[in-house]
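Following: one structure in C-alpha cells, then a few remarks.
The chains referred to below are lettered A, B, ... by the order of the sequence lines, with proteins before strands, and numbering in each begins at 1.
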Amino acid sequence: MREPTEFHLPADSDEAIRIQRALAGNVRLDPLPRPPRLVAGADLAFLPGRDIGVAAVVVVDLRSGQTVDEVIITRPVPFPYRTGLLSFREIPAVLDCLIGLHHQPDIIICDGQGIAHPRRIGLASHLGVVLNRPTIGCAKRCLIGDYIEPGPEKGATTPLLHQGLEIGRVVRTRTAVKPVFVSPGHRVTIEDAVAVVLAVAGGYRVPEPVRRAHLAAEQEKRRLLSPWSRRDWRGH
DNA sequence: GCGACAG
DNA sequence: ATCTTGTCGC
C-alpha cells in the first residue's frame, strides 16, 4: 500500500499529549465514498516481559470472506503503555506491516478506540490521520463514555455518549456475547463504522479481519518462543 | 482525594 | 497485553 506520512515519536507522555491535541483537529468523520470491499484488521501480540511486539495486518475481501493479504512483523515497541496513549506504542509496528501489503484496503479496523478517547484521538483515529485513510476503532472494553447495554441479539446497538455527544456505539457482534465498542477512527461516520463492523462480524465477537490479525500475531509469537526458532539452538 | 483506566 | 486448565452454559 501507499507510503505512510509522518509519525512523530514523543520523548515522554507530556509530548505525546501535545501531539494528540495538535492532531485531534485533523480527524474527519465523513461517509465512506463507496461500500468497502477490502477490509483490513490490525493487532499486536507481545513477547512476555519485553517491549517487543508482533504486529499483524490481515486484509479480508468482504465479498468472498477470504484473506487476500497478510503481513506480520516483529520489532521493539518504542513507547510504554499508558492509558490514553496506546497509539504511540502500537502505530509504528502497524505502519511497518502496512508498507508490506500488496493490496490497498478500503478501511482498517483497529483493536482499540477511535474518537471514543479523552482527546478524541485514540489509536484508530491517530492511525487514520497519519495515513489519511479511513479507519475504525473496535475495542473490547470501554475507555470513556456512558451507555446502556444493547439488546442481546446480534446487530443490537446503543449510543456511546460523552459530554453530550455521541462518540461511538456499543455493538452486539454476536448474540448473547459481550458487545464491542465501535467508534470512527478517521474519514468514516459512526453509522458507516458500525455497518462495516457488522458486515465483517463472523461467528465471533471480534470482527473477522481483527480476529485473523490477532490469531496471526499470536501464532507468530508462539513460533518465536518455541525452541525450534531460537537462535541459541545448537550453539548459535 | 476517589475511582477509572483501550492494549 | 501477559501469566494459565478446566469447566459451565448456550
At 4.0 Å (heavy atoms only), tell me whether [X] reaches a base, stays on the sugar-phosphate, or touches nothing.
X: A:Gly84; result: base
X: A:Leu85; result: base
X: A:Ala45; result: sugar-phosphate

[X] [atom1] to [N] [atom2], straight-line distance once rounded to whole Å:
X: A:Ile17; N: B:dA6; atom1: CD1; atom2: C1'; value: 15 Å
X: A:Arg82; N: B:dA4; atom1: CZ; atom2: C1'; value: 16 Å
X: A:Gln113; N: C:dA1; atom1: CD; atom2: P; value: 13 Å
X: A:Tyr147; N: B:dA6; atom1: OH; atom2: P; value: 12 Å
X: A:Leu225; N: C:dA1; atom1: CG; atom2: P; value: 16 Å
X: A:His117; N: B:dA4; atom1: NE2; atom2: C1'; value: 14 Å
X: A:Arg222; N: C:dT2; atom1: CZ; atom2: P; value: 11 Å
X: A:Phe46; N: C:dA1; atom1: CZ; atom2: P; value: 9 Å

Looking at the side chain of [X], which of [options] is the nearest nucleotide?
X: A:Leu143; options: B:dG7, B:dC5, C:dT2; answer: B:dC5
X: A:Leu123; options: B:dG7, B:dA6, C:dC3; answer: B:dA6
X: A:Arg141; options: C:dC3, C:dA1, B:dG7; answer: B:dG7

Is there a path of hydrophobic side-chain contacts, each under 4.5 Å between heavy atoms of I/L/V/M/F/W/Y residues, joining A:Val77 to A:Leu9? yes
Relative to the ring of A:Phe7, is the ring of A:Phe88 parallel (under 30°), tilted (30 to 60°) or perpendicular (over 60°)? tilted
Pairing string, 5' to 3', for DNA chain C - Watson-Crick or wobble contacts under 3.5 Å, brackets [ ] where pairs cross, | to another strand: ..........
Verify the stacking flag for A:Tyr81 against B:dG7: centroid separation must be under 5.5 angstrom and the ring planes must differ by under 30 degrees.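 Yes, the aromatic ring of A:Tyr81 stacks with the base.
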Contact summary for A:Ile190 and A:Gly168, nearest pair of heavy atoms: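 Looking at all heavy atoms of both residues, the closest pair is CD1-N, 3.9 Å.
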Contact under 4.0 Å: A:Lys221 side-chain N or O vs C:dA1 OP1/OP2: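 For A:Lys221, the contact criterion (side-chain N or O under 4.0 Å from OP1 or OP2 of C:dA1) is not met.
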Are any of A:Lys140's side-chain N or O atoms less than 4.0 Å away from OP1 or OP2 of B:dG7? yes
So do the side chains of [X] and [Y] get within less than 4.5 Å of each other, counting heavy atoms only?
X: A:Ser183; Y: A:Ile167; answer: no
X: A:Gln219; Y: A:Arg223; answer: no
X: A:Arg82; Y: A:Arg89; answer: no

Result of checking A:Val94, A:Asp111, A:Ile73, A:Val54 against A:Leu44 for side chain to side chain contact (heavy atoms under 4.5 Å, CB included):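 For A:Leu44, the side chain to side chain contact (heavy atoms under 4.5 Å, CB included) test succeeds with only one of A:Val94, A:Asp111, A:Ile73, A:Val54, which is A:Val94.
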Identify which one of A:Val182, A:Ile136, A:Val188 satisfies the side chain to side chain contact (heavy atoms under 4.5 Å, CB included) criterion when paired with A:Val196.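 So, applying the side chain to side chain contact (heavy atoms under 4.5 Å, CB included) to A:Val196 and each of A:Val182, A:Ile136, A:Val188, only A:Ile136 qualifies.
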Should A:Arg172 and A:Glu149 count as an ion pair when the cut-off is N to O under 4.0 Å? yes
Out of the candidates A:Arg34, A:Arg133, A:Arg37, only one should pair with A:Asp106 under the side chain to side chain donor-acceptor pair (under 3.5 Å) rule; please name it. A:Arg34
Note, DNA chain B 5' to 3' with Watson-Crick or G-U pairs under 3.5 Å encoded as ( ), [ ], | and . gives .......
Contact nearer the 5' end of DNA chain C, comparing A:Ala176 with A:Asp111: A:Asp111
